[in-house]
2 protein chains.
Amino acid sequence: MHRTNNSGKPGDVEKGNEREMQEKRSKPDEDFISLFETIGFPEAYRITYLAGSIAGPAYDAIKRDFGIIRAEFVLLACLSHFDEMKAQDIADISRRPRNTVSRAVHRMVAEGYIERSPDAADGRQALLMITPAGRALQDEAAQYLKTRQDKVLAALSADDRKAFSDLLLKLAINASKLDDV
Amino acid sequence: MHRTNNSGKPGDVEKGNEREMQEKRSKPDEDFISLFETIGFPEAYRITYLAGSIAGPAYDAIKRDFGIIRAEFVLLACLSHFDEMKAQDIADISRRPRNTVSRAVHRMVAEGYIERSPDAADGRQALLMITPAGRALQDEAAQYLKTRQDKVLAALSADDRKAFSDLLLKLAINASKLDDV
DNA sequence: TCTATTTTGTTCCAATTGGAACAACTTGCA
DNA sequence: TGCAAGTTGTTCCAATTGGAACAAAATAGA
């Protein structure tokens with residue numbers, strides 16, 4: 001880009017020690033952090049950037065190590081917290097189309113991670129439940145998200161993190177009540 | 001799901017007034033907010049949920065009204081703030097693969113929103129610049145993100161919003177320095 | 001200098017995605 | 001009751017996606 005890049009970055013010297021260098025590209029140039037301050041929708045940009053910084057690497061690693069994709073992990077995570085849900089609930093929570101959820105349900109049933117039983121009270125829908133194997137998988141994979149989350153949040157003091165977390169909660173609850181325009 | 005849903009939700013009655021009802025499904029059930037508190041990676045979940053609540057509806061509307069997709073808007077937004085960038089810079093910032101960026105560049109050049117000129121100093125890369133038409137489009141579309149951002153952030157007082165924004169900045173800068181594990 | 005390695009951007013193509021249509025079922029209401 | 005409208009989950013299929021291979025160019029190091 002145009003800005004002259006005169007950042008010496010002396011720390012980079014220790015980077016090339018022994019690691020196979022076909023790994024994924026990481027850190028953008030330091031200059032780009034000015035975007036965080038000058039863009040016209042600063043909080044939105046920072047939030048989406050943070051989300052990408054946490055979810056991107058974490059879900060890549062989960063896929064690599066456990067063979068499940070994001071939609072499948074989200075399904076398992078939901079069913080770890082609610083004992084019975086229908087597919088539409090998952091679609092609502094995850095903001096994914098129903099057919100995407102449907103695919104994830106079929107794969108997770110095939111793998112033995114969830115069970116699906118027809119709802120006697122409503123013949124259209126099926127009730128989904130997680131199996132012990134699914135719960136074990138979810139617990140393990142969730143650690144990846146937690147680890148990455150903590151790495152990103154390590155920049156804050158304990159008090160600031162608490163304050164940040166509280167503000168996030170208030171916002172998330174508010175967002176969950178908004179209509180999609 | 002299993003929890004008995006006894007929330008009366010009297011507010012829903014005024015919902016069906018006159019609007020074509022094939023609009024996209026919105027608000028998940030209120031019960032689901034308990035996930036925000038009980039999940040094992042609360043900040044990560046709240047952040048990704050917030051990001052989806054802002055970016056999802058905003059980019060849907062941008063696509064509908066301006067005919068450009070997220071990768072294309074991000075490209076224009078970057079070029080609105082840096083007068084010259086190469087495609088790899090966009091890939092780094094947006095965490096998208098290079099071929100995705102390449103496609104966006106070609107479409108935006110074809111539409112007259114950006115210009116691409118070979119770099120005399122380095123024959124591999126090309127320098128990208130936004131055109132006045134591209135800048136005008138970016139300015140208009142950015143309003144959609146800003147509007148949605150402000151709707152979500154309206155739950156905070158001015159002081160809390162300032163504190164939240166500052167914490168986000170610190171975290172985003174930290175995240176930009178982390179390696180993708 | 002010369003050669004091996006790295007970087008940039010593109011093309012190819014198999015896999016994934018999501019909108020739309022659909023069948024089965026339930027709900028609302030005259 | 002009966003029928004129109006809405007909901008759920010699935011299938012179909014065209015469009016999109018991203019990994020891998022590639023060519024061209026730059027860089028590093030002997």
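First the proteins, then the strands, lettered A, B, ... as listed; each starts at 1.
- Annotation: Tyr144(B) is in aromatic contact with Phe66(B) [ring centroid separation under 6.0 Å].
- At distances below 3.5 Å, not a single donor-acceptor pair connects side-chain atoms of Asp150(B) with backbone N or O atoms of Thr147(B).
- Residues satisfying the side-chain contact (heavy atoms from CB on, under 4.5 Å) criterion with Asn99(A), sequence neighbours excluded, are Pro97(A), Arg103(A).
- Distance from the side chain of Gln125(B) is smallest for dG9(C) among the nucleotides dG9(D), dG18(D), dG9(C).
- Remark: the backbone N or O of Ser34(A) is paired with a side-chain donor or acceptor of Thr38(A) at under 3.5 angstrom.
- Protein atom CG of Asp60(B) is 14 Å distant from nucleotide atom C1' of dT17(C), rounded to whole Å.
- Set against dT8(D), dG18(C), dA21(D), the side chain of Arg96(A) has dG18(C) as its closest nucleotide.
- A donor atom on one side chain and an acceptor atom on the other are found under 3.5 Å apart for Gln88(A) and Asp92(A).
- Residues from residues 99-108 of chain A with heavy atoms under 4.0 angstrom of DNA chain D, sorted by number: Asn99(A), Ser102(A), His106(A).
- Screening residues 35-52 of chain A for salt bridge (charged side-chain N to carboxylate O under 4.0 Å, His left out), with sequence neighbours left out, gives Glu43(A)-Arg161(B).
- In this structure, CG of Leu128(B) is placed 9 Å from P of dT10(C), rounded to the nearest angstrom.
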Where do N or O atoms of nucleotides 24-28 of chain D meet protein N or O atoms at under 3.5 Å, pair by pair?
{"from": "dA25(D)", "atom 1": "O3'", "to": "Gly123(B)", "atom 2": "N", "distance (Å)": "3.3"}
{"from": "dA26(D)", "atom 1": "OP1", "to": "Gly123(B)", "atom 2": "N", "distance (Å)": "2.9"}
{"from": "dA26(D)", "atom 1": "O4'", "to": "Arg124(B)", "atom 2": "NE", "distance (Å)": "3.4"}

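- Other residues, nucleotides and ligands place no more than 12 heavy atoms under 6.0 Å from the CD atom of Glu115(B).
- An OP1 or OP2 oxygen of dG9(C) is reached within less than 4.0 angstrom by no side-chain nitrogen or oxygen of Lys86(B).
- Going from atom CG of Asn174(B) over to atom CG of Leu153(A) covers 8.5 Å, rounded to the nearest 0.5 Å.
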**Report entry** Steps toward side-chain contact (heavy atoms from CB on, under 4.5 Å) verdict (Phe36(B), Leu168(A))
**Finding:** CA-CA 9 Å; Phe36(B) 292 134; Leu168(A) 279 179; over 6 Å; no
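- Counting to the nearest Å, the P atom of dT8(D) and the CG atom of Asp89(A) are 8 Å from each other.
- For the contact set between residues 64-78 of chain B and DNA chain C, defined by any heavy atom under 4.0 Å, there are no members.
- To the nearest 0.5 Å, atom OG1 of residue Thr100(B) and atom CZ of residue Arg95(B) are 14.5 Å apart.
- The distance from atom CZ of Arg98(B) to atom P of dC22(D) is 15 Å, rounded to the nearest whole Å.
- Residues Ile69(B) and Tyr113(B) are members of separate hydrophobic clusters, defined by side-chain heavy-atom contacts under 4.5 angstrom among Ile, Leu, Val, Met, Phe, Trp and Tyr.
- In this pair, Phe41(A) and Tyr45(A) present their aromatic rings perpendicular. The plane angle is above 60°, beyond the 30 to 60° band.
- A side chain to side chain contact (heavy atoms under 4.5 Å, CB included) with Leu137(A) is found for exactly one of Leu76(A), Ile62(A), Thr131(A), namely Leu76(A).
- The interatomic distance linking Met85(B) (CE) with dT8(C) (C1') rounds to 15 Å, in whole Å.
- DNA chain D forms stems at C:1-30 with D:1-30, each a run of 3 or more consecutive Watson-Crick or G-U wobble pairs whose two key distances fall under 3.5 Å.
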